[in-house]
Amino acid sequence: MQKLQQLYAGKAKSVFATEDQDYVVLSFRDDTSAFDGERIEQLSRKGEINNKFNAFIMEQLAVAGIPTHFEKLLSANEALVKNMKMIPVECVVRNVASGSLVRRLGVEDGMELNPPVFEFFLKNDALHDPMVNEYHIATFGWATDEQVQRMKALTFEVNQVLKKLFADAGMILVDYKLEFGVFKDEVYLGDEFSPDGCRLWDAETRKKLDKDRFRQGLGGVIEAYEEVAQRIGVPL
Ligand code: 5GP
């Protein structure tokens, strides 16, 4: 399918139209951002690694019965996906306390969370992605109640699949962020799942293998992403 004009450029991906208005091309760039886009750097090969990583995860989720926007890989940096209307909230599940939860509530970093915590955030860099709840989503019309329930249920289903997938490869899925969209009146998982939007720790050493290496200036960012990909069997 031919790639046409650019429709949108996000912080790490760009979206292009195709001849078929039901599908768009997602192009994964090497841009790596932190702190709501205040810091951006190019990390060589990140676009390709995240595109292939995301394709692998989306395929695993589809096999487990989770509806996703992913259609197929088109090239090293590009994938074909459904052209969805995105719901402007981020869905976060936390299995272990870290990041903003620790800063907000003063709980210990690394504390196991049982049951896992679910949080909604508004996608808005200018407002620093504030936490919102189901009342905000209903009042401001960001999604229907039915869509909210569906997003929550699917986000927890993803947890069951991916916690095991990473555990089997010696890693802890600490937390992750998902985004959903609507295509032909149905809710689908959209955006991407990659080490840019989750926390993964080595189960033995608790070494960070995700974007926190970039956020915290720990170095070895791409090497960590490659290690995760290789451990779970992503063909790079
Ligand atoms: P926190 O709220 O602790 O900053 O983030 C929780 C989880 O969601 C982390 O895995 C983090 O990577 C992911 N996350 C939250 N907001 C964003 C975002 O705006 N972009 C990306 N890529 N990931 C996010």
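Just follow the structure's listing: the first ligand is 1, and inside any ligand the first atom is 1. In this text, all values refer to a predicted model and were calculated from it rather than measured experimentally.
- Atoms of ligand 1 lying under 4.0 Å from any heavy atom of Cys198, numbered from 1 in the order shown and given with element: 10 (O), 12 (O).
- Counting heavy atoms closer than 4.0 Å to ligand 1, residue His128 contributes nothing at all.
- Listed by atom number, the atoms of ligand 1 under 4.0 Å from Gly99 heavy atoms are 3 (O).
- At a heavy-atom cutoff of 4.0 Å, ligand 1 is contacted by no atom of Asp36, backbone or side chain.
- Among all heavy-atom pairs drawn from Pro67 and Leu154, the shortest one is CD-CD2, 3.8 Å.
- The protein heavy-atom contact nearest to atom 11 (C) of ligand 1 is Arg215 NH2, 3.6 Å.
- Among residues two or more places apart in sequence or in another chain, the side chain to side chain contact (heavy atoms under 4.5 Å, CB included) test is passed with Val15 by Leu7, Tyr8, Val24, Leu26.
- Under a 4.0 Å criterion applied to the non-hydrogen atoms of Asp129, ligand 1 contributes the atoms 19 (O).
- The shell of residues lying under 4.0 angstrom from ligand 1, judged by heavy atoms, includes Arg94.
- Looking only at protein heavy atoms, the nearest one to atom 22 (N) of ligand 1 is Asp196 O, 3.1 Å.
- Using modelled atom types, one finds no donor on one side chain facing an acceptor on the other under 3.5 Å when comparing Asn95 with Glu112.
- Using a cutoff of 4.0 Å between basic side-chain nitrogens and carboxylate oxygens, Glu119 and Arg104 are scored as salt-bridged.
- Within the 4.0 Å heavy-atom cutoff, Met131 does not count among the residues contacting ligand 1.
- Of the candidates Lys177, Glu90, Lys211, Lys177 brings a heavy atom nearest to atom 13 (C) of ligand 1.
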Side-chain donor-acceptor pairs of residues 213-223 under 3.5 Å, sequence neighbours excluded:
from: Arg213; atom 1: NE; to: Gly219; atom 2: O; distance (Å): 2.7
from: Arg213; atom 1: NH1; to: Lys208; atom 2: O; distance (Å): 2.9
from: Arg213; atom 1: NH2; to: Gly219; atom 2: O; distance (Å): 3.4
from: Arg215; atom 1: NH1; to: Asp212; atom 2: OD1; distance (Å): 2.7

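- Given atom 1 (P) of ligand 1, the protein heavy atom at minimum distance is Ser100 OG, 3.4 Å.
- By the 30° and 60° cut-offs, the orientation of the rings of Tyr176 relative to Phe193 is tilted.
- Using a 4.0 Å cut-off between charged side-chain N and carboxylate O, Arg206 and Asp109 make no salt bridge.
- Of all the heavy atoms of Glu119, none lies under 4.0 Å from any atom of ligand 1, so neither backbone nor side chain is involved.
- Put simply, the side chain of Asn51 gets close to the backbone of Ala76: a donor and an acceptor are under 3.5 Å apart.
- Each of Thr155, Asp191, Asp196 was evaluated against Lys177; a single residue qualifies, Asp191, per the side-chain hydrogen bond (donor to acceptor under 3.5 Å, both in side chains) test.
- Summary of contacts: the protein heavy atom closest to atom 5 (O) of ligand 1 is Arg199 NH1, 3.6 Å.
- With hydrogens left out, the protein atom closest to atom 10 (O) of ligand 1 is Asp175 OD1, 2.6 Å, a heavy atom.
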